[in-house]
Amino acid sequence: MPELPEVETTCRGIAPHLVGQRIERLVINNASLRWPVPETLKKLLPDQTIRSVTRRAKYLLIAIDSGTLIVHLGMSGSLRLAPPDEARLKHDHVELYLDNSLCLRYCDPRRFGSWLWTTDDPEQHSLLINLGPEPLGKQFSAKYLFTKLQNRKQAIKTLIMDSHLVVGVGNIYANEALFMAGIHPQRSGSSVTLEECTLLVSQIKKILTHAIRRGGTTLRNFVGGDGKPGYFAQELMVYGRGGEACQRCQATLQEIRLGQRTTVFCPICQH
DNA sequence: ATGCGGACCTGTTAGC
DNA sequence: TGCTAACAGGTCCGCA
């Protein structure tokens, strides 16, 4: 799925086309996403104007006059702007028709994503209220991470992927950041020093920023809101390279499972 | 509170 | 070539 850079790219791609537009209608082709898409949206949304499109963690927040759509792309979701008469794809489950003769289509083969609605401050929604800080914000610092790691026995990789600790670090970037910081993914949280936290936090920020600049990693066929594909995986140092030579020391990269996620690391460079 | 495993679903790929 | 099993970018929930 979309990791944070893909969601950010989508947000930036679609926002200029959505903000200020009046909604004509919402079509739900398949309401069975992670949670059912509320049928009431079909009556609620028409004639309302989109005020803003923002991102919190991997959630896209589409603010309308009377509330906010909370959209998550799950593992396989994508949003794209299409001409309203364009044939829809097999997995285009939700379609938002706008005034400017564009249609926002939500495609999600695995249906792990969600379209939710709230009339309150979206930050207070149960899915958002307990989220950790944004990885690119200044709240996510070495000191913050170090404090959070105290007395934690879980593997550092699992911990940096925990959205209660920090949001937006998915499997790909967790692997990459740990490699760049020279930290073994299986180390317990409490064994990571403040100095290592400094390295790790700066690598997480660097890698995510870089990926956003490149328009998202795009594994298979992710397409940003503007229809441009992101860059491919050739810039990744470890993810997807188990068994290959480490680009830094030539040792064979190891692949293991950690918390049911594929984990790749260099047994020499990462301690 | 923390940690772990299972669950949600379809599509693609690796292996026999 | 065809069938089957394993695996894929996420993250919530329930249980120990």
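Quick caveat: nothing in here was measured; it's all calculated off a predicted structure. Below, chains carry the letters A, B, ... as their sequence lines are ordered, and counting in each starts from 1.
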How close or far is atom P of B:dA7 from atom CZ of A:Arg261, stated in whole angstroms? 17 Å

Find out whether A:Val201 and A:Tyr144 are in side-chain contact, i.e. whether some heavy atom of one side chain is under 4.5 Å from a heavy atom of the other. no

Validation: residues 23-33 of chain A side-chain donor-acceptor distances under 3.5 Å, sequence neighbours left out:
from    : atom 1 : to      : atom 2 : distance (Å)
A:Asn29 : ND2    : A:Asp92 : O      : 2.9
A:Asn29 : ND2    : A:Glu95 : OE1    : 3.1
A:Asn30 : OD1    : A:Ser32 : N      : 3.0
A:Asn30 : OD1    : A:Ser32 : OG     : 2.9

Are A:Leu102 and A:Leu18 packed together at the side-chain level, in the sense that at least one heavy-atom pair is separated by less than 4.5 angstrom? no

CD/A:Glu244: more than 12 non-hydrogen atoms of other groups inside 6.0 Å: yes

Please tell me if the side chains of A:Glu255 and A:Arg241 come closer than 4.5 Å, counting only heavy atoms from C-beta onward. no

Student check: side-chain heavy atoms of A:Leu4 and A:Glu134 closer than 4.5 Å: yes

side-chain N/O A:His91 vs B:dG11 OP1/OP2, d < 4.0 Å: yes

Between atom NZ in A:Lys90 and atom C1' in B:dT12, what is the gap in whole Å? 13 Å

Determine all donor-acceptor pairs shorter than 3.5 Å in which one atom belongs to a side chain in residues 120-130 of chain A; sequence neighbours excluded.
from     : atom 1 : to       : atom 2 : distance (Å)
A:Asp121 : OD1    : A:Glu123 : N      : 3.1
A:His125 : ND1    : A:Leu127 : N      : 3.0

Determine: side-chain N/O of A:Arg111 to OP1/OP2 of B:dC8, distance under 4.0 Å, yes or no. no

What is the distance, rounded to the nearest whole Å, between atom CG of A:Leu128 and atom P of C:dG10? 17 Å

What residues join A:Leu194 in its hydrophobic cluster, counting side-chain heavy atom gaps under 4.5 Å, either direct or through other members? A:Phe146

Ordered by number, residues from residues 146-160 of chain A within less than 4.0 Å of DNA chain B (heavy atoms) are A:Arg152, A:Lys153, A:Gln154

Side chain proximity check, A:Leu73 to A:Lys58, heavy atoms < 4.5 angstrom: no

Spacing of A:Leu116 atom CG relative to C:dC12 atom C1', expressed in whole Å: 12 Å

Rounded to whole Å, CG of A:Leu258 lies from P of B:dG3 at a distance of 13 Å

Measure all distances between protein nitrogen or oxygen atoms and nitrogen or oxygen atoms of nucleotides 13-16 of chain C, and list the pairs falling under 3.5 Å.
none

Using a 4.5 Å cut-off on heavy atoms from C-beta on, say whether the side chain of A:Arg34 contacts that of A:Phe112. no

Check whether any side-chain heavy atom of A:Ile204 sits under 4.5 Å from a side-chain heavy atom of A:Leu145, and report yes or no. no

Each base of DNA chain B marked ( ) or [ ] if paired in-strand (Watson-Crick or G-U under 3.5 Å), | if paired to another strand and . if unpaired gives .|||||||.|||||||

Separation of C:dT11 C1' from A:Ile129 CD1 (nearest whole Å): 18 Å

When you check the phosphate oxygens OP1 and OP2 of B:dC8, does a side-chain N or O of A:Arg110 lie under 4.0 Å from one of them? no

C:dC3 and B:dC9, which share atom name P, separated by this distance in whole Å: 25 Å

Is there a donor and acceptor pair, one atom on the side chain of A:Gln260 and one on the base of B:dG6, closer than 3.5 Å? yes

Distance in angstrom units between A:Asn30 CG and B:dT10 P, rounded: 9 Å

Can you check the A:Tyr239 OH to C:dG10 C1' distance for me, whole Å? 12 Å

Check whether any side-chain heavy atom of A:Trp35 lies under 4.5 Å from a side-chain heavy atom of A:Leu116, and answer yes or no. yes

